[in-house]
Peer 1: 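What follows is a single structure, and I will ask about it in a moment.
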Amino acid sequence: MPCAGQGSRLGLPFPKELLPTPDGRVLLDQVVDLIAGLDVRVLLVTGADREPTIAHLHRRYPQVPVAAVRQGTDTSGLSAAVRVALPFVGARTVVLLPDQLLQEMPDRSPVADADRLLRATSACFLASWCDDPQRIAADGALTIDRDHSQGGMGRVRRLADKPGLEAAGGHNAVWFAFGFRREVADPVLDQLDRAERHQLADDDFARGPLHAAPVIAVPPFVDCGTWQAVSDMWRRHGKDVPCD
C-alpha cells in the first residue's frame with residue numbers, strides 16, 4: 001500500500017488514507033476489508049508523517065501482519081514508491097491504493113482472484129469499466145479488449161496515466177489496483193513510470209509485461225484525491241462532508 005503521498009490537493013492536517021468515510025470508518029479500512037481472511041502480508045510504503053497510519057492499523061487490526069518501509073523525499077510517484085518495497089515483497093504482489101474507495105464491496109475478494117491469476121500469469125489489473133471522458137482523462141486509463149473467453153473483463157491493450165480529454169475516448173476502463181510476479185517487477189514498474197511521465201508509446205507498451213495482462217472486474221470506485229470527489233462520495237450517501 002503506497003501511503004507516502006502528500007495529498008496536496010486535499011490539504012489535510014493528517015494522512016489522506018485516514019480520511020473519514022460515510023460508514024464511520026476511514027479510507028484505509030476498506031483496503032483491509034479486501035484482504036480479510038487471506039494469507040497475506042501488508043507492506044506500507046510511508047513518509048515521515050505516517051505514524052498515525054501505522055498506529056491505526058496496529059490498533060484496529062492487530063491480527064493483520066503489517067510492516068512499513070519509508071520512501072525518501074528524493075523520490076516521488078507510484079512506481080518509485082513500489083520500488084522502495086521490492087526488497088521486501090514475496091513472489092506475488094498486489095498494489096492497492098488507499099485513496100481508492102469502492103462504491104460497493106464485491107461478493108468475493110478481487111485480491112484473492114488476483115493472487116490466483118498471478119500463479120499463472122506475470123501481471124494483472126483490477127479495473128472498472130468507465131465511459132466518462134472526464135474521469136478517464138484524470139485517472140489511470142486502460143483500453144481492454146472485452147474478451148471474456150478466459151473469464152474476467154478481458155486483456156489490456158493500451159495504458160495511459162491521466163491522458164487528458166483529447167485522448168480519453170480511446171480508453172474504456174480505469175484501473176483500481178495491479179499485481180505482478182517478482183521476476184517482472186522492474187519492467188512492470190518501468191512501464192508504469194513511463195505512463196506517469198506520458199512517455200509510454202503504444203508500440204513500447206506492446207513489448208512489455210503489462211500488455212495483454214488479464215483484468216479482474218471491480219465495482220465502480222471513487223478516487224478520493226480531490227475535495228470534489230470526497231464531497232460527491234458523502235453526498236451520494238445523503239450526508240454532508242464533516243470537514244466541509
Peer 1: Who are the side-chain hydrogen bond (donor to acceptor under 3.5 Å, both in side chains) partners of Glu166, not counting sequence neighbours?
Peer 2: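 So Glu166 forms no side-chain hydrogen bond (donor to acceptor under 3.5 Å, both in side chains) with any residue.
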Peer 1: Is atom CD of Gln134 surrounded by more than 12 heavy atoms (other residues, nucleotides or ligands) closer than 6.0 Å?
Peer 2: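 No - once you tally the heavy atoms of other residues, nucleotides and ligands closer than 6.0 Å, there are 12 at most.
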Peer 1: Check side-chain hydrogen bond (donor to acceptor under 3.5 Å, both in side chains) between Asp131 and all other residues, then give those that pass, not counting sequence neighbours.
Peer 2: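 Applying side-chain hydrogen bond (donor to acceptor under 3.5 Å, both in side chains) to Asp131 gives none.
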Peer 1: Could you state the interatomic distance from CG (Asp223) to CZ (Arg135), rounded to the nearest 0.5 Å?
Peer 2: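 Going from CG on Asp223 over to CZ on Arg135, the span is 6.0 Å.
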Peer 1: Within a 6.0 Å radius of atom CG on Asp203, are there more than 12 heavy atoms belonging to other residues, nucleotides or ligands?
Peer 2: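 Yes - once you tally the heavy atoms of other residues, nucleotides and ligands closer than 6.0 Å, there are more than 12.
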Peer 1: Rounded to the nearest 0.5 Å, what separates atom CG in Leu34 from atom CG in Asp29?
Peer 2: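 So the CG of Leu34 and the CG of Asp29 are separated by 11.5 Å.
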Peer 1: Can you check whether Leu43 reaches Val89 side chain to side chain, under 4.5 Å on heavy atoms?
Peer 2: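 In contact.
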Peer 1: Where is the tightest heavy-atom contact between Val45 and Ala85, given as atom of each residue plus distance?
Peer 2: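 Where Val45 meets Ala85 most closely, the heavy atoms are CG2-CB, 3.9 Å.
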Peer 1: Within this structure, what is the CG-CG distance for the pair Leu19 and Asp99, rounded to the nearest 0.5 Å?
Peer 2: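 One finds 9.5 Å between CG of Leu19 and CG of Asp99.
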Peer 1: Any pair with a residue in residues 80-91 that passes side chain to side chain donor-acceptor pair (under 3.5 Å), sequence neighbours left out, goes on the list, sorted by first then second residue, please.
Peer 2: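 The answer is Arg83-Asp186, Arg83-Asp190.
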Peer 1: Take Glu196 and Ser79 through the test side chain to side chain donor-acceptor pair (under 3.5 Å) and record every step on the way to the result.
Peer 2: CA-CA 9 Å; Glu196 285 183 82; Ser79 56; 3.1 Å; yes
Peer 1: Can you tell me which residue pairs pass the ring-ring contact (aromatic ring centres under 6.0 Å, His included) test with a partner in residues 184-217, sequence neighbours excluded?
Peer 2: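 Qualifying pairs, neighbours excluded: Phe205-His211.
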Peer 1: Charged N to carboxylate O below 4.0 Å: is that the case for Asp139 and Lys162?
Peer 2: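 No.
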Peer 1: Would you say Arg50's side chain and Cys3's backbone share a donor-acceptor pair under 3.5 angstrom?
Peer 2: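 Present.
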Peer 1: Does the side chain to side chain contact (heavy atoms under 4.5 Å, CB included) test come out yes or no for Leu27 and Leu18, once each step is laid out?
Peer 2: CA-CA 6 Å; Leu27 288 174; Leu18 299 183; over 6 Å; no
Peer 1: Between the main-chain N or O of Leu102 and the side-chain N or O of Gln30, is there a donor-acceptor pair closer than 3.5 Å?
Peer 2: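 The answer is yes, because a donor-acceptor pair under 3.5 Å joins these two groups.
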Peer 1: Please list all pairs passing the ring-ring contact (aromatic ring centres under 6.0 Å, His included) test where one or both residues lie in residues 24-74, with sequence neighbours left out.
Peer 2: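 Qualifying pairs: none.
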Peer 1: May I ask you to decide whether Arg155 forms a salt bridge with Asp145, counting only side-chain N to carboxylate O separations under 4.0 Å?
Peer 2: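 Judged by the 4.0 Å cut-off on N to carboxylate O distance, Arg155 and Asp145 do not form a salt bridge.
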Peer 1: The criterion is salt bridge (Lys or Arg N to Asp or Glu O under 4.0 Å); which residues satisfy it with Asp115, sequence neighbours excluded?
Peer 2: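 Applying salt bridge (Lys or Arg N to Asp or Glu O under 4.0 Å) to Asp115 gives Arg92, Arg119.
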Peer 1: Can you list everything that forms a side-chain hydrogen bond (donor to acceptor under 3.5 Å, both in side chains) with Thr53? Sequence neighbours excluded, please.
Peer 2: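 side-chain hydrogen bond (donor to acceptor under 3.5 Å, both in side chains) list for Thr53, sorted by chain: Glu17.
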Peer 1: With sequence neighbours left out, what residues match Asp132 under salt bridge (Lys or Arg N to Asp or Glu O under 4.0 Å)?
Peer 2: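 Checked Asp132 against salt bridge (Lys or Arg N to Asp or Glu O under 4.0 Å); zero matches.
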Peer 1: Are Arg194 and Asp161 ion-paired here, with the side-chain N under 4.0 Å from a carboxylate O?
Peer 2: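 No.
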Peer 1: With hydrophobic residues grouped by side-chain heavy-atom distances under 4.5 Å, do Leu38 and Leu28 end up in a single group?
Peer 2: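 Leu38 clusters together with Leu28.
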Peer 1: Between Arg25 and Asp33, is a salt bridge (charged side-chain N to carboxylate O under 4.0 Å, His left out) present by the stated rule, with each step listed?
Peer 2: CA-CA 12 Å; Arg25 306 194 302 163; Asp33 289 346; 2.4 Å; yes
Peer 1: Restricting to side-chain hydrogen bond (donor to acceptor under 3.5 Å, both in side chains), what partner residues turn up for Gln228, sequence neighbours left out?
Peer 2: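 Checked Gln228 against side-chain hydrogen bond (donor to acceptor under 3.5 Å, both in side chains); matches are Asp232.
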Peer 1: Would you call Leu200 and Leu159 a side-chain contact if the rule is heavy atoms closer than 4.5 Å?
Peer 2: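 SC-SC contact between Leu200 and Leu159 confirmed.
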Peer 1: For Ala213 versus Pro209, what's the shortest heavy-atom pair and its separation?
Peer 2: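 Closest approach of Ala213 to Pro209, heavy atoms only: CB-O, 4.4 Å.
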Peer 1: Indicate yes or no for a side-chain donor-acceptor contact from Gln191 to the backbone of Leu210 under 3.5 Å, with no hydrogens or angles considered.
Peer 2: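 Present.
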Peer 1: Do Ile136 and Leu165 sit in the same hydrophobic cluster, where Ile, Leu, Val, Met, Phe, Trp and Tyr count as joined when their side-chain heavy atoms come under 4.5 Å apart?
Peer 2: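 Not linked; separate clusters.
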Peer 1: With sequence neighbours left out, write down each residue that passes salt bridge (Lys or Arg N to Asp or Glu O under 4.0 Å) with Arg182, or none if nothing qualifies.
Peer 2: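 Counting only residues at least two positions away or on another chain, Arg182 forms no salt bridge (Lys or Arg N to Asp or Glu O under 4.0 Å).
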Peer 1: So, Ser122 and Glu183: side-chain donor and acceptor under 3.5 Å apart, yes or no?
Peer 2: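 Side chains of Ser122 and Glu183: no pair found under 3.5 Å.
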Peer 1: Is the closest side-chain heavy-atom distance between Leu96 and Ile35 below 4.5 Å?
Peer 2: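 A side-chain contact under 4.5 Å exists here.
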Peer 1: Can you name the residues that form a salt bridge (Lys or Arg N to Asp or Glu O under 4.0 Å) with Arg41, not counting sequence neighbours?
Peer 2: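 Once residues adjacent in sequence are excluded, Arg41 has no partner under the salt bridge (Lys or Arg N to Asp or Glu O under 4.0 Å) criterion.
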Peer 1: Quick one: side chains of residues 169-179, donor-acceptor pairs under 3.5 Å with protein atoms, not counting sequence neighbours, listed by atom name and distance.
Peer 2:
unit_1 : atom_1 : unit_2 : atom_2 : d
His171 : ND1    : Thr143 : OG1    : 3.0
Asn172 : OD1    : Ile144 : N      : 3.0
Asn172 : ND2    : Ile144 : O      : 3.0

